[in-house]
Each structure stands twice: as C-alpha cells, then as structure tokens.
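To find a chain, count down the sequence lines: A is the first, B the second, and so on, and within it residues start at 1. Heavy-atom basis, side chains included; hydrogens, waters and symmetry copies ignored.
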Amino acid sequence: MATSTPEKPAPAPKTNRIGLSVLDYRGGKTTLCAGCGHNAISERIIDAMYEMGVSPERVIKPSGIGCSSKSPAYFMGRSHSFNAVHGRMPSVATGAVLANRHLIALGVSGDGDTASIGVGQFIHLMRRNLPIIYIIEDNGVYGLTKGQFSATADMGSTLKTGVINDLPPIDTCAMAITLGATFVGRSFSGDKKQLHAMMKAAIAHKGTVMLDVVSPCVTFNDHEGSTKSYKYMKDHEEPLQEVSFVPAFEDIAIDYDPGTTIEVTMHDGSRLRLRKLEEEYDPTKRIQAITRLNEAHEKGEVLTGVFYVNSKTPTFVDLLNMTEEPLATLPESVVRPGREVLEQVMEELR
Amino acid sequence: MKQTFTIAIGGAAGQGVATPGDIFAKIFSRRGLHLNAYNAYQSIIRGGHTFLTIRTGPEKVTNMGDRLDLLIPLNQDAMNRHLGLLTNGAACIFNAETIKPGAAAEGVALCPLPVSKLADITRNKVAQNTLAVGAGLSMMGIGFQAVQEVFTEQFKKKGEAVVSENVGIARAGYDYATANFKPFARPLPMTGNRYAVLSGNTAMAMGGAAAGVKFYCAYPMSPSTGVLHWMAAHARKAGIMVRQVEDEIGVVNMAIGAAHAGVRSMCATSGGGFALMSEGLGMSAMMETPVVVIDCQRAGPSTGVPTKTEQGDLWQMLGAAFGDYPRVLAAPLDIGDCFKIIPEIFNIADRFQCPGLVLCDLLLSEGRLSVDPKDLDFAPVIDRGELITTVTAASGTHDNGGYKRYKITESGISPRAIPGVPGYTHTAATDEHEEDGVLISDEFTNPTKRRAMMEKRMRKVAGIEAVVSPPALVGPRNAEITLIGWGSTKGVIEEACEILSDQGISANQLQIRWLVPLHGEAILDILKDARHTIIVENNYSGQFARYLRSETSYVPNGYIRKYDGEPFMPHHIVEAVKEQLGGTTRLSVPAHEILV
C-alpha cells in the first residue's frame with residue numbers, strides 16, 4: 001500500500017547573473033564513447049558559460065569534422081551550431097564573425113582537423129587575432145576512422161597495433177604564440193580545476209584564445225605506449241601555474257603575494273591569477289613562452305597552464321574598424337553604396 | 001558593314017603599351033564612340049610581347065574585329081610579327097631610328113618618325129610612344145584640343161612639368177604627321193553619346209556592390225584579380241568588407257561563413273582556384289547557404305596559359321563538388337552583362353538558398369568595353385528570399401518555437417534564420433540532417449529521412465527553372481545557318497552573322513546565358529526548325545555541345561572550336577561556316593593569325 005507524502009515545492013533552480021540555470025547551457029546526449037575526454041571538455045564549457053552568464057543565443061559554435069567537432073551538439077543547445085567541412089572551421093568562423101561582430105565564437109576542432117588537413121586555415125586564423133575561443137580536443141589520433149596517428153602524436157608513441165609514430169609532433173601552442181594568438185594555453189580534460197579556470201578566462205579575453213586540451217581517446221589511444229593516455233598524462237603533466245579566475249562581476253578582493261602569483265587583468269576587468277609553480281615564468285613574455293615549450297619537448301614533459309596572455313593587441317574586428325551594426329543586418333538603405341560614391345565610381349570610368 | 005577603326009600597339013611588357021592605350025580609349029569615349037579593347041599578353045612582368053587592340057566606331061563594337069587600321073610597333077619584334085596583318089588603307093607609325101619596317105602589303109602607309117629630332121629622348125624614355133599617339137590622332141582627324149585635354153588629365157598627378165612635357169611631345173608628333181603623313185580616308189566621327197569604359201572584372205565587382213554585397217574575399221589569381229582590385233580600392237567608400245585570404249579553400253569557406261551569418265557574400269577565382277573551392281561549394285549546397293562564386297576561365301588544364309582565354313571550365317562547374325544538389329550557373333554575354341548578371345544571380349541564389357556560379361572568361365574579365373551608363377542599374381531589386389534576421393512576434397520563445405531550419409516544403413525552400421536570433425538558433429551541418437538541423441549521419445541514419453531531405457533540396461530545381469527565362473533566337477527564323485554559342489562569344493558570333501548575311505548567307509544566333517537551368521525543351525523547340533546548326537565555342541572538346549547532347553540528345557550539324565588561347569575573330573567563324581556549307585568538314589578549328 002502506497003503512503004502519500006505531502007509534496008514539497010521543488011527548490012528554485014540556481015540561476016546565473018542573467019537568470020538562466022545550468023540546464024539552459026546543456027546540449028543533446030553525447031554519442032561519444034563512455035569515458036571520452038571530449039565529454040569532460042563539454043562539461044567545462046557548460047559550467048564556464050553558465051558561470052560567466054553568457055547569453056547562449058549570442059554564441060556560435062563552429063566546428064570541423066571528427067569526434068571533437070561533433071561535440072558542439074552536446075553542449076549549449078540554445079546556441080547556433082555550424083558543422084563545417086574538415087579543417088575549414090577557421091575560415092567559416094572568420095567569415096561569420098566579420099559579418100556579425102556581436103556573435104561570440106566558440107570553435108571546437110580536433111588535432112587532425114587543426115594540425116593536418118586544416119593547418120593552413122589554422123595558421124592564418126592565429127595571425128588574425130579574431131575574437132574566438134579555439135579549442136583543440138587533442139587525442140593524437142583519428143577516432144572516427146579507427147585510430148590512425150595525427151600530427152600532434154609524439155615521436156615514438158605507439159598504436160595498439162604496434163605501429164610506432166616516426167615523425168615529431170606539431171606543437172599547436174608554440175605555433176599559435178609565434179603566429180599572433182593572444183591567449184594560449186594547454187590543459188588536460190582530466191584536470192577539472194585548471195580547465196575550468198582557463199575556460200572562464202578564455203571567455204573574458206578579447207582576441208584569439210587557443211586552448212589545446214589533451215583529451216584521451218579511450219578506444220584508440222589510451223594504452224601503454226601512448227603519450228596521450230590518462231595514465232601518461234597523470235604521470236607527465238607538468239603544470240606551470242595554479243590557475244584561478246575572478247570574474248569582473250564578482251567583486252572579491254583577495255590578497256595575493258606578487259612574489260608567488262601573477263595577476264593578469266582581462267579586458268572586461270576580470271582577473272586571471274596564476275600562482276607560480278615556476279618562479280621565472282612570466283606569461284606575458286612571448287619568447288620565454290616559446291622557449292619553455294621547446295624545453296618541455298626536450299624533457300618529455302607535457303606542460304600545461306596559461307603559456308601566453310596579451311591583452312593589448314587589438315582584435316581583428318577592431319583593427320578592421322568594423323561598424324557596430326553587424327553587416328548581416330544592415331538595412332537595405334545602406335546595404336548599397338550611396339549616390340555620391342556611385343557618381344565617383346562612374347567618373348573613374350569616363 | 002559598320003564603320004570601325006582599329007588600333008594595335010605592340011611591344012615588350014614594361015615598354016609602356018598601357019598608357020597610349022588609355023589615351024586612345026579616353027579620346028574615343030569622349031567623342032561618343034563605342035570601343036572594345038583586348039590585350040594579348042604573357043605571364044611576365046618585364047619583356048615578352050604585349051599586343052593591345054582597340055577597336056572603335058559610332059555603333060556598338062562587340063569584339064576585336066578582323067582588320068587593323070593603325071599599327072604602332074614599339075620595338076622591332078612587334079614590327080616583324082604584325083606588319084603583315086595590315087591591308088590596303090592601313091598605316092604603321094614607328095620609330096625610324098630603332099625599327100626597320102619589313103615589306104608591307106600594297107596600300108599600307110609606312111609612317112617613320114624621326115624620334116630624336118622631334119623630342120629629347122635622353123629626358124623622356126617613352127617619347128616614341130607619345131609621338132606616335134600624337135601622330136596617329138592627327139591622321140584620324142582629331143583636333144589637338146581633345147588630345148591636349150586627355151594628356152593633361154592622364155599626367156596631372158605627376159605635376160605641371162610632366163604634363164607640359166608630354167603635351168609638347170604629343171604636339172610634335174601631331175604636327176609632324178599633319179605635315180608628312182596622309183590622313184586616314186575616313187576621319188573618326190563624333191556623337192553626342194557618353195559611355196563608361198570598363199572591364200568585365202570591374203563590371204562584376206560593381207554589379208556586386210549594386211547587389212548589396214557586403215563581403216568579398218579572394219586569393220589573387222589571373223584573370224580574376226581585377227575583381228579583388230576594384231573591391232579593395234572601393235572597400236571603404238562602398239562599405240564592403242574585403243579580405244585577401246590564404247588560399248581558395250579559405251576563400252570559399254570564409255565567404256560561406258559570412259553568408260551564413262546573413263550578408264551577401266561573393267568571391268572570384270579562375271579554374272585552378274575553383275577546383276580548390278569545390279568541396280566548400282558542397283557545403284553551401286548542404287547547409288543551403290547561398291554564396292556567389294565567379295570563375296574567370298583561362299586556358300587550362302593546370303597552370304595552363306594564365307594570360308589566355310578559354311571556355312574550358314564548363315564541365316568543372318557542372319560537376320563541382322560531389323553529390324547532387326541544386327545550383328545555378330550563368331555565363332555573362334558581354335561586359336555590360338557582367339554587371340547585370342550579379343544582382344540577378346544573387347536574387348536566385350538567395351531565394352533558392354543554393355550556390356550561384358558565374359562562368360566568365362579572360363576575354364570579358366580583362367577586356368574593355370564601352371557601356372551606356374543607363375545600362376548599369378545601381379538599384380536593382382534585392383530579393384533576399386525567406387531570411388529571418390530578427391525576432392518576430394511569432395517567435396521569441398527559448399524553445400525555438402518549433403522553428404525548423406530545414407522544414408520540408410512543397411517548394412523545397414525552408415525559412416533561413418541567421419545565427420544569433422533568439423528562438424531561431426539551430427544546427428547547420430554538412431552532414432545530412434533532419435528538419436531541425438540535427439544530424440542523421442551520426443548515431444542513427446535513416447533512409448526515409450535522407451530521401452525526404454534529398455527530395456526537398458532537389459525540388460528547388462523546378463522553382464529555379466521557372467524564374468529563369470529560356471534563351472531566344474536572334475535573327476531571321478528561317479535562316480540558312482544557326483550559330484549556337486554561350487557566354488562571351490555573343491559579340492563575335494553576332495558580327496559573323498552580319499558578315500554572312502552581307503555575303504548572302506542568312507544566319508541567326510542562339511546564345512546561351514543560363515547553363516543551369518538550361519531549358520532543354522525550349523532549346524529543342526527553337527532548333528527543330530533550324531536548317532543547319534553549328535555550335536561555336538572556345539575549347540577543344542566542345543564542352544557545351546556535349547552538355548547540350550547529354551541534356552537533350554540534340555546533335556548539331558557542325559562545330560567551330562578554338563583552343564589556342566586567343567578569342568575568335570569574326571572572319572574565323574565566317575570562313576568556317578562557308579567551309580562547312582561546302583560539306584568538306586563538320587569540325588572547323590580556325591588558326592589565329594596574330595602571333596601573340
């Protein structure tokens with residue numbers, strides 16, 4: 001016999017500063033393998049976007065092709081999603097952001113999409129300092145085609161079949177810093193705390209954010225001999241700093257020791273706090289960042305953290321002096337050149 | 001036959017062929033004359049051989065014609081190559097001190113200029129060019145006032161001293177010719193008309209501005225670069241976002257990204273660049289994001305002959321990107337049409353949410369034509385189709401109010417919302433998808449849904465066909481000969497028809513502008529009464545003839561083809577028609593007599 005209990009009103013869901021609950025940032029059910037690192041990254045994106053109070057409708061999620069590029073379907077269902085062709089997301093995103101500067105672009109790519117087929121487009125995106133968060137979900141292999149090496153796989157890393165990778169990896173972070181990206185870091189999908197803080201800082205940054213997130217492929221690259229496995233990462237991850245983030249809208253004053261912590265003020269007034277684990281490292285110094293990344297390769301470390309931040313370089317849309325009004329929604333009266341311009345143009349032809 | 005006058009200037013690249021060309025063109029257009037200019041050149045910055053032909057006259061001049069009236073060779077090579085082309089009544093003006101004339105045909109006037117006696121050649125390296133221009137204009141019966149005006153304008157940026165020096169040299173050439181050379185039999189007339197002179201590339205760029213293009217990107221590639229140059233030079237004034245991009249793959253994807261965000265977006269390239277764009281075009285088709293891509297054809301395959309013209313990309317355009325999808329494909333008929341076709345194709349691409357392809361060629365892209373400014377409509381109708389750019393009363397809910405980006409409709413057209421509109425956000429994917437955009441290639445595929453979506457997209461084909469007019473026959477219905485061409489051959493075929501008629505062979509013309517949709521039924525209907533049909537095209541294999549046959553089973557009586565990199569001249573077609581009427585062959589491949 002059932003006993004009835006008086007119904008308690010459900011507690012009001014927690015909401016963020018724009019009145020949305022975390023559910024408003026969720027997406028469809030993932031179809032990736034159980035334990036895939038990419039799912040953890042989706043979770044961090046959801047949390048960070050929720051906590052930062054970003055309006056989901058303003059977000060556009062361009063992606064390429066591959067397991068990683070499928071993941072935008074699994075977070076932020078109220079945002080616009082654009083699955084482009086393999087490797088071309090950087091170009092598509094550039095076009096979209098130039099046409100509508102009010103869009104917040106969160107691009108998701110993989111190591112194959114970025115470092116092989118799309119490397120030309122990636123390189124030129126990094127040069128532009130377009131306002132975009134570009135995430136590489138980096139597992140060193142092509143998952144959807146059943147586990148071939150990608151160009152970020154380390155030399156000597158082995159496949160399950162025993163095949164040994166014989167070429168050196170492309171370090172997408174070193175490349176991004178060299179080329180002009182203004183916020184560059186590496187994290188690990190298993191490092192919840194670090195990735196969470198970096199993701200929030202990424203949202204606060206204006207310009208190109210390039211985050212390479214090592215994200216183990218549980219099906220094809222999580223075995224002994226892989227350098228992108230959970231175990232390898234746990235043993236070899238070498239964090240540069242302890243990353244924490246204080247958003248501008250949370251007016252919290254915390255004392256910190258400038259000797260041990262570097263504080264970077266972001267464009268919107270948010271503060272990125274980096275408690276130094278390496279005394280000499282200063283993430284505003286570009287050459288030092290590149291040198292340190294090269295050292296890490298020689299030592300066989302997987303360096304993580306915020307490698308480079310530059311809040312001074314103007315973004316591509318500012319550099320191009322784009323109008324406030326998106327080109328996409330200009331009224332017909334101004335969509336064509338005015339009479340005076342046409343008269344000048346015709347004069348040139350006589 | 002109409003009265004025209006043709007000047008040809010030949011020399012090495014870097015010798016200054018362009019400036020005299022500009023001066024002649026300006027003077028003709030100010031006299032209210034029509035003109036057509038074509039520059040034969042090579043892929044070299046200095047050296048080689050450049051040959052500029054400018055043909056003018058009071059009536060429409062649609063092509064370079066058959067006859068040269070005045071040759072100005074700037075070096076011995078140009079003299080050697082071209083003197084033999086001159087016939088009775090023509091003249092050749094040259095620097096007597098550096099160039100030796102060869103044997104000229106009877107009635108050809110050789111006009112040597114004692115250059116160092118007329119100008120200080122130590123000060124002015126191109127004095128021979130300026131003297132020749134002055135001399136030529138005198139022989140054409142043009143008053144010096146007009147010459148002075150145009151020279152002043154041409155050099156005013158370089159200051160007063162340069163202007164007076166050049167006007168002085170032109171005057172010396174002018175006076176010398178007046179005193180020593182026989183004027184041309186018919187002085188150039190004057191009319192009250194005023195034309196604009198523009199290239200096909202300029203016309204397509206301006207057509208884009210008129211169509212409301214807000215985003216243009218490109219990778220430089222001959223012969224399409226002129227579009228980028230116009231766009232870059234006018235970006236600020238015209239309010240167009242113009243970017244040079246890393247490669248054509250980046251170009252087409254960036255253009256589609258911008259188009260997806262809601263702007264009219266365009267890019268231009270040539271065959272090689274277009275090949276790189278083909279995957280992106282498939283994306284435009286699958287996401288139903290309209291974009292306009294221009295292919296300025298040059299002689300292929302591969303790098304081919306980058307500075308020469310051809311109509312060799314038709315099958316590439318017909319087959320661009322894998323899979324079936326609706327597309328529109330148009331070939332502008334002349335330089336004025338290069339302007340008009342852009343707003344037209346944007347309206348269709350926007351309305352039917354599919355890629356719009358423009359198949360131009362070097363002949364139009366880099367050629368120059370006088371166009372009546374009245375024919376350049378800067379306020380054509382803009383039809384963006386079913387585009388949602390703002391929240392309407394009906395939407396505004398956060399659950400997307402049942403919005404389906406790829407809604408299955410009778411017309412195949414679904415309402416297109418741009419990113420950032422609350423209530424209308426969705427997934428756009430290159431994967432096959434459901435009505436709401438969710439992928440059906442991922443966890444589960446679904447043959448029924450795939451079929452429905454494929455049919456939805458392809459239903460647009462019928463709609464497109466209904467809004468594009470079928471081609472029409474021009475000329476007497478029961479003519480002895482019907483010449484069929486497509487795109488840029490319109491003018492030369494037109495003139496060939498006139499010449500044939502003058503010679504007692506009645507001819508009419510069917511010129512194809514829309515390649516997709518082709519209107520095969522209408523073409524068959526037109527051709528069923530034709531007595532002798534010949535397809536004229538600038539390629540080796542008869543790409544259009546093969547296409548027409550594949551769509552309609554129609555086989556013409558003969559073919560005229562040219563694939564030497566140079567355009568047809570009217571007499572090529574006239575002689576080939578006679579040859580075919582004589583029954584000796586069904587395929588004529590005229591030889592180009594001008595060695596460039």
Side chain, backbone, both or neither: which part of [X] has a heavy atom under 4.5 Å from chain A?
X        : result
B:Arg368 : neither
B:Pro380 : both
B:Phe378 : both
B:Thr202 : side chain

Flag the pair A:Thr315 / A:Leu130 as yes when at least one side-chain heavy-atom distance between them is below 4.5 Å, and no otherwise.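 Not in contact.
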Compute the centroid of each ring, for A:Tyr134 and then for A:Phe122, and state whether the two points are separated by less than 6.0 Å.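 Yes: the rings meet the under 6.0 Å criterion.
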May I ask you to check whether A:His80 and B:His260 place their ring centers less than 6.0 Å from one another? yes
Neighbour count above 12 (heavy atom, 6.0 Å) for B:Tyr219 OH: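 Not buried by this count: 12 neighbours or fewer within 6.0 Å.
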Heavy-atom count around B:Arg384 CZ within 6.0 Å, excluding the residue itself: above 12? yes
NZ or CZ of A:Lys61 within 45° of A:Phe75 ring axis and under 6.0 Å: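 Geometry flag: set, cation within 6.0 Å and 45°.
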Partner chain A: residue of [options] with the largest heavy-atom pair count (under 4.5 Å):
options                                : answer
B:Gly262, B:Gly280, B:Ala261, B:Ala428 : B:Ala428
B:Gly282, B:Gly239, B:Pro373           : B:Pro373
B:Lys214, B:Arg264, B:Lys26, B:Glu246  : B:Glu246

Using a heavy-atom cutoff of under 4.5 Å, enumerate the residues of residues 21-28 of chain A that contact chain B, numbered in order, or state 'none'. none
Sorted by first residue and then second, give each salt bridge (Lys or Arg N to Asp or Glu O under 4.0 Å) pair with at least one member in residues 335-350 of chain A; sequence neighbours left out.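 Output for this query lists A:Glu332-A:Arg336, A:Glu348-B:Lys237.
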Is it the case that the side chain of A:Ser63 and the backbone of A:Val108 share a donor-acceptor pair, with hydrogens and angles ignored and the cut-off at 3.5 Å? no
